[in-house]
There are 2 protein chains.
Amino acid sequence: MASSVFLPHNHQHCVQDALRQADTYCEEQGVRLTPLRRRVLELIWEEHKPIGAYDLLARIASEGFNSAPPTVYRTLDFFIQHGLIHKVESLNAYIGCNHEQGSHTSVFFICQNCGVTEELQNPAIEGQLALQAAGMGFQINHPTLEIKGLCKACRHA
Amino acid sequence: MASSVFLPHNHQHCVQDALRQADTYCEEQGVRLTPLRRRVLELIWEEHKPIGAYDLLARIASEGFNSAPPTVYRTLDFFIQHGLIHKVESLNAYIGCNHEQGSHTSVFFICQNCGVTEELQNPAIEGQLALQAAGMGFQINHPTLEIKGLCKACRHA
DNA sequence: AAAATTTGCGTTACATTATAACCTAGCATT
DNA sequence: AATGCTAGGTTATAATGTAACGCAAATTTT
Ligand SMILES: [Zn+2]
Ligand SMILES: [Zn+2]
Ligand SMILES: [Zn+2]
Ligand SMILES: [Zn+2]
């Protein structure tokens, strides 16, 4: 398990896996992965970097889809509802999720130099958060954990 | 140390402490806590809830200050630079900081029902984050840790 | 004190991000 | 075919945030 989006890898696999997972998921859930949705998801997965709604919009508009904001925001909402993408709050941008569906707690490591962003699950961090919350009587619903810094490669460059 | 912003408390103390700390800090640093800045900080501390830039702007405008966005954004920038407030990214809103100055890592617990938000420092959480980052060769510069959920009081109501 | 520099902020204009509300066409169920 | 549901087209607007210019007061230098 040395795989990381910060390391070189055959990225076609990432995209194809993501799309296949989405196909399967939508089939199972009885929801439709329409051409627009499929293309938006593909664009989101084009790089391991969060992409802004209006960047996406420009891309799909240039491909003949409708170019008004609701088009892309509706699509983003759909994927967020179904756990196929996340919003990176500190960037107002969106990134694909390849973790097991259903709500889960992730930490995003965001390189401020190259933009590459890795989503990780870490039970130890979750555990400490849960501990802190329990002590306060606080019920955790939705953690936003986003770490900006420098990835290994950018640090050494 | 049972004090928490989620519990009833004499809030005048919070506001006065914050303003006095800011006075002292600005004095020490040789920067100016102008009437506009002082009032903005006071408004931010009015409640233990993040406040939006345009809400602030409306407040100060109604008090005779200039009503154009740069007025408030410059002031917010000033306080963020000096560590006297934080931006809550997941709300696009701003909240006062009463912790020791200088950059520090905080976790924000945000009640989705009442809006009250508590900033905490927790070395165990920081430690686990540092551990994860170290394993990746990632250099942490700026964590954003914001937990939405229900405070004790709202959970029991 | 006069001159030079920095700082705070007034002002205008604009950029970016996101949503509300209404409508229509296609698909799905009966 | 009739009905309801879903996806998305369309228009308009809301909410959040910046760039750029200028001036006047405060601070520093001469
Ligand atoms: Zn990849
Ligand atoms: Zn990098
Ligand atoms: Zn208080
Ligand atoms: Zn509450």
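No hydrogens, no waters, no symmetry mates; every other heavy atom, side chains included, goes into these values. Proteins come first, then strands; the chains are lettered A, B, ... in the order of their sequence lines, and each starts at number 1. Given the structure is predicted, the values throughout are model-derived calculations rather than measurements.
- Residues passing the salt bridge (Lys or Arg N to Asp or Glu O under 4.0 Å) test with B:D55: none are found, sequence neighbours excluded.
- Each end of the helix from C:dA1-D:dT30 to C:dT30-D:dA1 gets its own axis from five base pairs, and the two axes differ in direction by 30°, given to 10 degrees.
- As rounded to whole Å, 14 Å separates atom P of C:dT7 from atom CD of B:Q29.
- The list of salt bridge (Lys or Arg N to Asp or Glu O under 4.0 Å) pairs with a residue in residues 43-54 of chain B, not counting sequence neighbours, reads B:E46-B:R59, B:E47-B:K49.
- In this structure, the CG atom of A:L56 is 14 Å from the C1' atom of C:dA18, given to the nearest Å.
- Residues meeting the salt bridge (Lys or Arg N to Asp or Glu O under 4.0 Å) test with B:K148, sequence neighbours left out: none.
- Rounded to whole Å, the distance from CD on B:E89 to P on C:dT17 is 13 Å.
- Hydrophobic clustering, defined by side-chain heavy atoms of Ile, Leu, Val, Met, Phe, Trp and Tyr closer than 4.5 Å, leaves A:L131 isolated from every other such residue.
- For the side chain to side chain contact (heavy atoms under 4.5 Å, CB included) with B:I125, the lone residue among B:V107, B:L120, B:T105 that qualifies is B:V107.
- In this structure, CD1 of B:I60 is placed 12 Å from C1' of C:dG10, rounded to the nearest angstrom.
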task: List the protein contact pattern of nucleotides 7-19 of chain D with one symbol per nucleotide (5' to 3'): B for base contact, S for sugar-phosphate-only contact, - for none; contact means a heavy-atom distance under 4.0 Å.
output: SBBBB----BBBB
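- Cluster note: B:L91 groups with B:V88, B:I95, B:F108, B:I110 through ILVMFWY side-chain heavy atoms spaced under 4.5 Å, whether in direct contact or through intervening members.
- As a whole-Å value, the separation of B:L33 CG from D:dA26 P is 15 Å.
- For residues 30-43 of chain A, the pairs satisfying side-chain hydrogen bond (donor to acceptor under 3.5 Å, both in side chains) are A:D23-A:R38, A:R39-A:E42, A:R39-A:E63, with sequence neighbours left out.
- Not a single side-chain hydrogen bond (donor to acceptor under 3.5 Å, both in side chains) links A:Q29 to another residue, sequence neighbours left out.
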